[in-house]
Peer 1: 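Dropping a structure here in structure tokens format, bear with me for questions.
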Amino acid sequence: MGRFHRHDDGTGHPHDHDHVSHEHDHGDHRHYETGKQRIDVLEAIFAENDVRAGANRAAFESNGIRALNLMSSPGSGKTTVLAATLDELAGQLAIGVIEGDIATDLDAAKLSGRGAQVSLLNTSNGFGGECHLDAPMVNRALPGLDLPGLDLVIIENVGNLVCPAEFDVGEHAKAMVYSVTEGEDKPLKYPVMFRSVDVVLLNKIDLIPYLDVEVDSYIAHVREVNATATILPVSARTGAGMGAWFGWLRRFADGVVD
């Protein structure tokens, strides 16, 4: 049976023999406890992230800014919601957007010219790209915004229902866009995401007549994992229900928590 050993210097080599009957000195070899190492690494990553998140939050607060982390799965309509939001509120509030994407500036281009400052943040790293934004990434995007002139910063996270919920990026609240086309079971399958948010926009309700869905079931499943989040059925395409979202954001920007 083949084995692989790694030395203290990081090099390794295979042993094509069975260790049951073979004896030799293991002093030069180290058998790693990968589970323990993984825990240690994750703890270090989260600790560093939390330090940067605190710095981001301090930068927002010193400039009188409220920051919102906007999350969703890919294709939920998050950018369409954000575009409609800028069209409605950019003349009332000074808004900055940190636009997170693995690659391309497609979403940033959709948001440009709508009265907001937009700072693009690509997570591509040569190995495919990060599936979420973390606090150090957001910190690097801040120089792209004129913070003293802003009231509200919306951080559009990478489309993903898992990783983004685990990282504090310095926001004051979390929101997510959840489309009726995703199926009513998503809150139960991805409870960490739904549990972490303060407001859920149930988007694409204009498609309900063409789908076999019941809004009450979607809301009930959100409530199973999050009893307190504000749930707003909306259609970013038609504008249905969006007034409630705009009102929530105005109150949030004023420091009022629903």
Side-chain angles (χ1 to χ4, degrees), residues 60 65-124 129 131-133 137-138 141-142 144-147 149-161 164 169 171-182 186 193 197-208 210 230-254:
F60 293 136
I65 294 170
R66 298 280 285 172
L68 180 72
N69 186 356
L70 184 62
M71 304 177 289
S72 78
S73 64
S76 68
K78 176 162 40 65
T79 304
T80 304
V81 166
L82 188 48
T85 299
L86 297 184
D87 289 344
E88 176 69 19
L89 296 181
Q92 305 168 26
L93 298 169
I95 302 175
V97 176
I98 294 175
E99 176 57 47
D101 258 322
I102 291 177
T104 80
D105 64 352
L106 295 175
D107 288 348
K110 291 177 183 177
L111 299 177
S112 66
R114 297 180 184 270
Q117 299 179 32
V118 179
S119 179
L120 176 62
L121 182 57
N122 284 144
T123 69
S124 180
C131 58
H132 62 276
L133 299 184
M137 294 178 196
V138 170
L142 292 184
L145 299 175
D146 177 24
L147 294 182
L150 296 178
D151 302 311
L152 173 68
V153 168
I154 301 175
I155 301 161
E156 184 176 1
N157 219 306
V158 177
N160 186 331
L161 284 182
V169 295
E171 74 275 13
H172 297 97
K174 291 181 170 71
M176 73 170 295
V177 180
Y178 171 35
S179 167
V180 296
T181 58
E182 297 176 66
K186 294 305 179 289
M193 170 64 76
V197 299
D198 301 281
V199 59
V200 176
L201 279 73
L202 182 59
N203 193 28
K204 303 187 182 181
I205 60 172
D206 54 300
L207 297 180
I208 288 175
Y210 311 102
T230 299
I231 303 174
L232 304 174
V234 303
S235 169
R237 187 179 71 86
T238 69
M242 291 291 285
W245 164 240
F246 301 149
W248 188 94
L249 268 179
R250 289 187 188 96
R251 294 190 297 277
F252 173 73
D254 287 339

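On a predicted model such as this, the values are computed, not experimentally measured, just so you know.
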Peer 1: Check S179 against K204 and note the closest heavy-atom contact, atom names and distance.
Peer 2: OG-CD, 3.1 Å
Peer 1: Quick check: do F60 and L142 have side-chain heavy atoms less than 4.5 Å from each other?
Peer 2: yes
Peer 1: Report the residue from L161, N203, N157 that forms a side chain to side chain contact (heavy atoms under 4.5 Å, CB included) with M176.
Peer 2: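 With M176 as partner, side chain to side chain contact (heavy atoms under 4.5 Å, CB included) holds for just one option, L161.
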Peer 1: Taking only residues two or more places apart in sequence, or in another chain, which ones meet E88 in a salt bridge (charged side-chain N to carboxylate O under 4.0 Å, His left out)?
Peer 2: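 E88 satisfies salt bridge (charged side-chain N to carboxylate O under 4.0 Å, His left out) with R250 once adjacent residues are dropped.
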Peer 1: If every non-hydrogen atom of V118 is compared with every non-hydrogen atom of A108, which pair is closest and at what distance?
Peer 2: CG1-CB, 4.1 Å
Peer 1: Do you know the tightest heavy-atom contact between M193 and P164?
Peer 2: CE-CB, 4.2 Å
Peer 1: Rounded to the nearest 0.5 Å, how far does OG of S72 lie from CD of E182?
Peer 2: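 Reported value, rounded in 0.5 Å steps: 7.0 Å.
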Peer 1: State, yes or no, whether a side-chain contact exists between F252 and L152 at a heavy-atom distance under 4.5 Å.
Peer 2: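 Yes; the side chains approach each other to less than 4.5 Å.
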Peer 1: Backbone N or O of K174 within a donor-acceptor pair of the N69 side chain at under 3.5 Å?
Peer 2: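 Not at all, since once roles are kept as given, no pair shorter than 3.5 Å links the two residues.
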Peer 1: Is there side-chain contact between W248 and L68, with heavy atoms separated by less than 4.5 Å?
Peer 2: yes
Peer 1: For T238 and D206, does a side-chain donor sit closer than 3.5 Å to a side-chain acceptor?
Peer 2: no
Peer 1: With rounding to the nearest 0.5 angstrom, report the CG to CD1 distance, L249 to I95.
Peer 2: 7.5 Å
Peer 1: To the nearest 0.5 Å, tell me how far L145 CG sits from I65 CD1.
Peer 2: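 That separation rounds to 8.0 Å.
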Peer 1: Within this structure, what is the CG-NE2 distance for the pair D198 and H172, rounded to the nearest 0.5 Å?
Peer 2: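 Separation between the atoms: 12.0 Å.
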Peer 1: Checking K78 now: which residues fulfil side-chain hydrogen bond (donor to acceptor under 3.5 Å, both in side chains) with it, not counting sequence neighbours?
Peer 2: E156
Peer 1: Nearest 0.5 angstrom please: M137 CE to I98 CD1, how far?
Peer 2: 12.5 Å
Peer 1: Are any non-hydrogen side-chain atoms of L82 and D107 less than 4.5 angstrom apart?
Peer 2: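 They are not in contact (no side-chain heavy atoms under 4.5 Å apart), so the answer is no.
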Peer 1: Determine the minimum heavy-atom distance between A175 and V197, stating which atoms define it.
Peer 2: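 What the structure gives for the nearest pair is C-CG1, 4.2 Å.
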Peer 1: Looking only at atom types and distance, does a side-chain atom of S119 sit under 3.5 Å from a main-chain N or O of A141, one as donor and one as acceptor?
Peer 2: yes
Peer 1: What distance do L70 atom CG and T85 atom OG1 have between them, rounded to the nearest 0.5 Å?
Peer 2: 8.0 Å
